[in-house]
Amino acid sequence: MSAVELLRAELTRAAVALGAPSDVAPNLERPRDPKHGDWASNLALTLAKPLGRKPRDVAEALIATLDLGAAGVAATEIAGPGFINFRLRDDAHAAPLAGILAAGPAYGRSTTHAGEGVNIEFVSANPTGPLHVGHGRQAALGDAISALLANVGWTVTREFYYNDGGVQIQNLALSVQARLRELAGDALVIPEGGYHGEYIKDIARTYAAEHADDPRGDQLDAVRQVAVLELRKEQDLDLKAFGVAFDVYFLESSLYTDGKVTETVAALQKGGHAFEDDGALWLRTTDFGDDKDRVMRKRDGTFTYFVPDVAYHVTKWQRGFRKAINVQGADHHSTVTRVRAGLQALEMGIPAGYPDYVLHQMVTVMRAGEEVKISKRAGSYVTVRDLIDEVGRDAVRYFFLMRKGESQLVFDIDLARAQSEENPVYYIQMAHARLSGIFRVGNIDPATVTADGVAWGKLDQPEERELIKALLDYPTLVAGAADALEPHRVATWLLETARLVHTWYHKHHVLGEPAEIQQARLVLARSARIVLANALALLGLSAPERM
RNA sequence: GCGCGAGUAGCUCAGCUGGAUAGAGCGUCGGCCUCCGGAGCCGAAGGUCGUGGGUUCGAAUCCCGCCUCGCGCACCA
């Protein structure tokens with residue numbers, strides 16, 4: 001048992017002895033101010049009312065009942081309205097570092113969700129253009145959430161859904177056709193709702209080279225196929241540059257060719273929530289909390305995107321995913337209720353809250369102090385690859401992950417570029433590099449630094465105690481981040497911990513200290529290096545040995 | 001108008017699911033290089049947590065009203 005667990009057990013015992021119910025769960029937390037000790041409990045405050053006593057009296061009674069030595073406690077105090085502060089003995093405080101050395105890369109992992117599968121869908125950009133900065137945020141977020149969940153035991157499937165059917169793909173094909181005709185000498189007429197980007201011209205040239213018999217793009221199906229293929233290739237390159245890999249690429253078009261779309265419509269009609277009106281087929285999604293009913297089959301006989309969306313999520317359920325998470329931009333939040341309603345209308349036993357959604361707010365891109373409009377159709381936008389080329393992969397990933405998804409994000413390109421050397425990610429990576437430097441300069445293989453015979457009590461400096469706390473809190477931190485689907489907590493922890501490393505490093509030497517101190521500090525340095533590397537890996541960032 | 005999200009230091013944002021004197025980075029001002037990396041460290045100034053009520057031992061955090069900003073409200077995705 002760790003020091004905290006021992007302490008909690010002792011508190012429970014003491015509380016019950018005072019007359020608290022046996023299921024009492026004492027809360028222990030880190031005080032904000034280190035002067036208040038290593039752990040604090042509000043137990044006396046919560047017990048005061050049911051016991052009919054003053055909080056401070058309860059606190060005194062609790063302390064009198066505790067076996068402090070067994071829990072490694074050196075001192076207690078009652079503070080404020082009735083908090084009990086605990087200060088651990090130096091050795092009890094530092095000894096758990098042995099667990100970090102023993103676990104190594106596995107430190108912070110858990111098997112809480114072993115044997116459970118989860119599908120995480122993200123990016124899912126239409127194959128109508130390169131990935132832009134908004135997709136970048138989603139790629140960083142989805143990849144980090146995937147890593148977080150894998151870290152607590154889930155078997156994760158990363159999935160990309162291609163909307164390669166529908167009106168927008170038709171507009172894409174027509175746009176390429178227009179460029180082909182421009183190349184053939186016609187005046188350029190980009191169709192209504194068409195795409196203006198330069199890349200359309202590139203696709204036209206590719207098509208012309210492959211289809212010498214159709215220089216004007218009269219065979220629209222062939223044009224469409226080439227366009228989608230080329231853009232998927234481009235997006236794959238973008239993702240590769242960003243270091244994001246998917247397990248499954250799911251094509252919307254396959255839902256049509258496999259008959260899933262018609263199957264789904266038939267099932268929805270059978271379910272009794274469908275009706276015809278004004279020449280269209282509708283689903284009464286208002287039966288399931290939607291604010292208006294939705295069209296499934298338009299008057300022209302084609303389906304709205306709503307139907308394949310539902311059919312797609314049915315396949316997730318049928319593929320055995322009892323948990324599915326969709327990472328999407330908040331501009332798509334209207335689909336949440338709709339998709340869930342469609343799944344409910346099927347009455348096939350899918351839970352009402354299926355699937356889960358993580359919605360992130362929009363990204364505003366600033367360049368030269370002005371907003372760059374993100375519009376595929378206008379052909380003027382910042383791509384993921386632009387960003388990576390300008391500020392580097394690690395910096396882009398960290399930038400996207402350092403704040404929570406619900407916050408809007410201002411990505412100032414000039415700032416990110418100008419400050420590249422002062423970017424938080426460099427500060428964090430520098431901490432790792434410095435720790436690595438100790439072993440390099442000392443010509444010590446970190447793997448040979450073990451916890452055997454370490455004088456834990458020597459790690460008694462305030463900077464050491466603070467750093468140790470951060471390292472020992474890491475498993476709880478990542479478990480909470482996974483639970484909340486919030487990678488930014490890891491990013492924040494990294495920055496704070498890196499600062500603790502720099503402060504400690506600056507103030508205390510390792511090499512050349514008396515043997516017992518050097519050994520203890522080497523253990524601390526190796527521990528910190530392990531945990532920083534694990535956290536960096538979780539966010540998809542590199543942990544350089546030197547910079 | 002309705003739904004969702006956000007209002008915290010000059011700027012960009014955290015705040016561990018209700019705790020003690022609300023934090024960090026950048027920026028500003030002032031210090032620190034015989035010593036494992038100064039790409040670093042230390043210090044200072046800077047706040048009515050949008051606003052008004054409520055809940056309780058205790059609220060930036062939970063509830064209600066109002067204000068401001070963003071996104072959405074298609075037989076587009």
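Here is the naming used below: chain letters follow the sequence lines, and residue numbers restart at 1 for every chain.
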Which residue lies more 5' along RNA chain B, comparing Ala79(A) with His509(A) via nearest heavy atoms: Ala79(A)
Under a 3.5 Å cutoff, is there a donor and acceptor pairing between the side chains of Asp300(A) and Thr302(A)? yes
Counting distance alone, no hydrogens or angles: does the base of G3(B) have a donor or acceptor under 3.5 Å from a partner atom on the side chain of His333(A)? yes
Taking the C1' atom in each of C71(B) and G54(B), what is the distance between them to the nearest angstrom? 30 Å
C75(B) base to Asp300(A) side chain: any donor-acceptor pair below 3.5 Å? no
Regarding Gly480(A), tell me which of base, sugar-phosphate or nothing describes its non-hydrogen contacts under 4.0 Å with the strands shown. nothing
Distance check: side-chain N/O of Lys35(A) vs OP1/OP2 of U21(B), anything under 4.0 Å? no
Rounded P spacing from A44(B) to A24(B) in Å: 10 Å
Residue-phosphate contact under 4.0 Å: Ser407(A) side-chain N/O, A14(B) OP1/OP2: yes
Please measure how far the P atom in G31(B) lies from the corresponding atom in C49(B), and state the result in whole Å. 34 Å
Between Thr476(A) and C16(B), does any side-chain N or O lie under 4.0 Å from OP1 or OP2? no
At under 4.0 Å, does any side-chain N or O of Tyr474(A) touch on OP1 or OP2 of C16(B)? no
Looking only at atom C1', what distance separates G47(B) and A9(B), rounded to whole Å? 6 Å
Distance check: side-chain N/O of Arg403(A) vs OP1/OP2 of C13(B), anything under 4.0 Å? yes
In whole angstrom, give me the gap between the P atoms of G23(B) and U48(B). 15 Å
Verify the contact: side-chain N or O of Lys49(A) to OP1 or OP2 of C57(B), cut-off strictly under 4.0 Å; return yes or no. yes
Can a donor-acceptor pair under 3.5 Å be found between the side-chain atoms of Asp164(A) and the base atoms of A77(B)? no
Whole-Å C1' distance, U56(B) and U61(B): 14 Å
Separation of the P atoms in G3(B) and U8(B), to the nearest angstrom: 24 Å
In whole Å, measure the gap between the P atoms of U21(B) and A59(B) for me. 11 Å
Answer for the Watson-Crick or wobble partner of C13(B), both distances under 3.5 Å, is G23(B)
Comparing Arg30(A) and Gly442(A) on RNA chain B - which has the more 5′ nearest nucleotide: Arg30(A)
Here the distance between atom P of C13(B) and atom CG of Leu401(A), to the nearest Å, is 15 Å
Worked verdict on Glu159(A) versus Lys316(A) for salt bridge (Lys or Arg N to Asp or Glu O under 4.0 Å): CA-CA 10 Å; Glu159(A) 187 153 315; Lys316(A) 288 185 183 175; 5.3 Å; no
Of the listed C36(B), C57(B), G72(B), the closest approach to the Ser334(A) side chain comes from G72(B)
Which part of the nucleic acid does His508(A) contact within heavy-atom distance under 4.0 Å: base, sugar-phosphate only, or nothing? base
Write down the partner of G30(B) under the Watson-Crick or G-U wobble criteria, each distance required to be under 3.5 Å. C42(B)
Between Gln361(A) (CD) and U12(B) (C1'), how many Å, whole number? 16 Å
Does a side-chain N or O from His488(A) land closer than 4.0 Å to OP1 or OP2 of G15(B), or not? yes
Minimum-distance nucleotide to Gln168(A) side chain [options: C41(B), G19(B), C76(B)]: C76(B)
Can you tell me if Arg294(A) touches the phosphate of A74(B), counting only side-chain N or O atoms and a distance under 4.0 Å to OP1 or OP2? no
Taking atom CG as the centre, does Asp445(A) end up with more than 12 heavy-atom neighbours from other residues, nucleotides or ligands that are less than 6.0 angstrom away? yes
Go through the N and O atoms of the side chain of Asp291(A) and the base of G3(B), and report whether any donor-acceptor pair is under 3.5 Å. no
Under 4.0 Å between a Lys/Arg side-chain N and an Asp/Glu carboxylate O for Asp473(A) and Lys469(A)? no
